[in-house]
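Residue numbers count from 1 along this sequence. Counting starts at 1 for both ligands and their atoms, in listed order. Scope of the values below: all heavy atoms of this structure, side chains included, with no hydrogens, waters or symmetry mates.
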Amino acid sequence: MRSFWFVLILCFSTYPASAQSGPQFKLMPMPSSVQPGTGALPIAGSFSVDIEGYREPRIDRAVQRFVRDLSQETGIPIRNDITNPANAMLVVRADRASKPIQDVSEDESYVLDVSASGAKLTAPNPLGILHGLQTFLQLVEITPTGFVAPAVHIEDSPRFPWRGMTVDVSRHFISLDVLKRNIDGMAAAKMNVLHLHLSDDQGFRVESKEFPKLQQMGSDGHYYTQVEIRDLIGYASDRGIRVVPEFDMPGHSTSWFVGYPELASGPGPYQIERRWGIFDPAMDPSRETTYKFLDKFIGEMAELFPDSYFHIGGDEVNGKQWEANKKIQDFMRANKLKTDQDLQQYFTLRVEKIVGKHHKLMAGWDEILAPNMPKTIVIQSWRGQESLAAAAKQGYSGILSSDYYLDAMAPAQQYYSVDPMANADATLTPDEQKHILGGEACMWSEFITDENIDSRIWPRAAAVAERLWSARQLQDVSSMYLRLSAMSRHLELLGLRHRSNVEVMLARMAGTDNIIALRTLADVAEPVSLQIREEEAEKAGSIQTNDTPLNRMVDAIAPESEVARRFSQMVNQFVASNFQDDQAKSEIRALLVAWRDNDGQLQPLIQNSYLLKELSPVSQNLTLLGGAGLQALDYIDKGERAPDSWRNEQIAIFQQAQKPAADLILAVAPAVQKLVEASASTSAKK
Ligand code: ACM
């Protein structure tokens, strides 16, 4: 028995986040192996980096960026003058080049050694160097005597080779600079695929020289030129990130038809779609001219985007235009295509040939899987792990995106708990499991703009990034949240605006700098999911479009309330201590008092702003919650069990507070309810 425990402890001791827990190293994603050393390397203005071994301009630029980021991280100017390489504080050494075009088979591993006197980063190729430099930046911490990187030996490599993020730039256009800073975030989280959803009903976002009416008529002028795309791809490649383009077809394609109505299955003319949802327009799979067009178009885009994968979308075709078109129905009969799905499979097989002709591998959503499809395609599953498992059993590779939708506004821990190898995928043989390449977080942009995209992606996407990079058995949610907070601060220092833009947006709503009360409300509320928001709009008889301003509280605040999570922890701790934990109690009381009194402070602001008006009931609910919680504490303090009649009266408050209002929910309501229930339970006495 003793030796069993000894072995167990040994296993965990190289694995800080499981047993001795992560706070010592706030790394995210957690490396494969972390062995603490003795002492720490000071980070001062004299810090310098030497490059040895294989050298290419990308490594030089990465080191320059690293030094700039280290300066940013510490606020210390660092010149990186290397007069004598022997004095370099960090030595970087790669053995050889990575592939000319980065692909899924790369070795991304690295070894990072930090001691009190210097650090060394080695990797088989520059990709590992890029990752190792990010790890070094995350090691940096403030101490009473200065900034340091603690001594450590790290050996690291990813669990999955495809760790991506889908960004929808069609429903709302996202500017190049904003994409770039999010690429910086991805690099920090060691993600390696930026999948751009470049066309949909609401916009066509890339310049085509072959078919210029695509962007001229399908984008409202919001598109990336080819020069900008090349710049973006270079920027991503410098950071070890592939760019996979998606042009959704045959559905989700209204924006193509504004300039080229002959591609569609129904009569035009077409206009850019402004609403959200699934629409009827779809390409005409029965006409040879459609494939001629796609051949030219895909040829042009295959040259522009160097990645070996070309994503054709393929999701959510409702078939209505096909069913209403007599020529298409005749074509289906002549070709023995019985259903809309058969017709889509015919189309997809034709497109796959075109994609292959232009030396690309096809990727697409679940719907592209069809008999006779070559095994080289990659399925991106948005409908669940079953379809991924089914595909893998037939020998198809896939990546998981269902349950990684960031627009669902779920808490980080929910994304963190989704493993690409779990559920249906757990039934796969080891050989079949090799087909699961990883996953992608998805940022659909119905309610996303340049202003709030950072806060909808970060820091939650880092939890997905860790799931895809780190060991599967790493499951400790409190360690994850601790490291996620550090990551969140780190990302702002790198230039992301997920925190700062919240302030900017709140101040705009209030029209004043004194937003303390607004901030208090913002801190305890959470936006409802995209789905609930659309349902609420429908109930209210309003139609959300891409002309709808996204300047409300629901658009500004973080998807997950840190205060609510902290408060809930305190309540759990307090109740578990049988009301003995005085420190938890005083923290709980301070928050409850602030909430109870907040509406009085906030009402004057609400009166002055049309954007704040809708918050009035939410603010009043917060006051009621604060009052209920304080009464519960009073009962507890008096050593009296709260009467059932009083407890029952409070239930209405909790029900009200958890209903969406202004597309928000009060995230602190469940924990206040728990406190109230505890105060009324039979074991409640002090
Ligand atoms: C999708 O969510 N329709 C890919």
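- Partners of E614 according to the side chain to side chain donor-acceptor pair (under 3.5 Å) rule, which considers only residues two or more places apart in sequence or in another chain, are R552.
- For residues 225-256, the set of pairs meeting the ring pair (Phe, Tyr, Trp, His ring centres under 6.0 Å) definition, not counting sequence neighbours, comprises F204-F247, F204-W256, F247-F297, F247-F310, W256-F297.
- Under the side-chain contact (heavy atoms from CB on, under 4.5 Å) test applied with Q385, the options I436, D419, L400, D403 reduce to a single match, L400.
- Residues of the protein with a heavy atom under 4.0 Å from ligand 1 are D315, E316, W365, W382, Y405, W444, listed by chain and number.
- For Y224 and F173, the ring centers are positioned less than 6.0 Å apart.
- Between L428 and K393 the shortest side-chain heavy-atom distance falls below 4.5 Å.
- Residues satisfying the salt bridge (charged side-chain N to carboxylate O under 4.0 Å, His left out) criterion with K99, sequence neighbours excluded, are D103.
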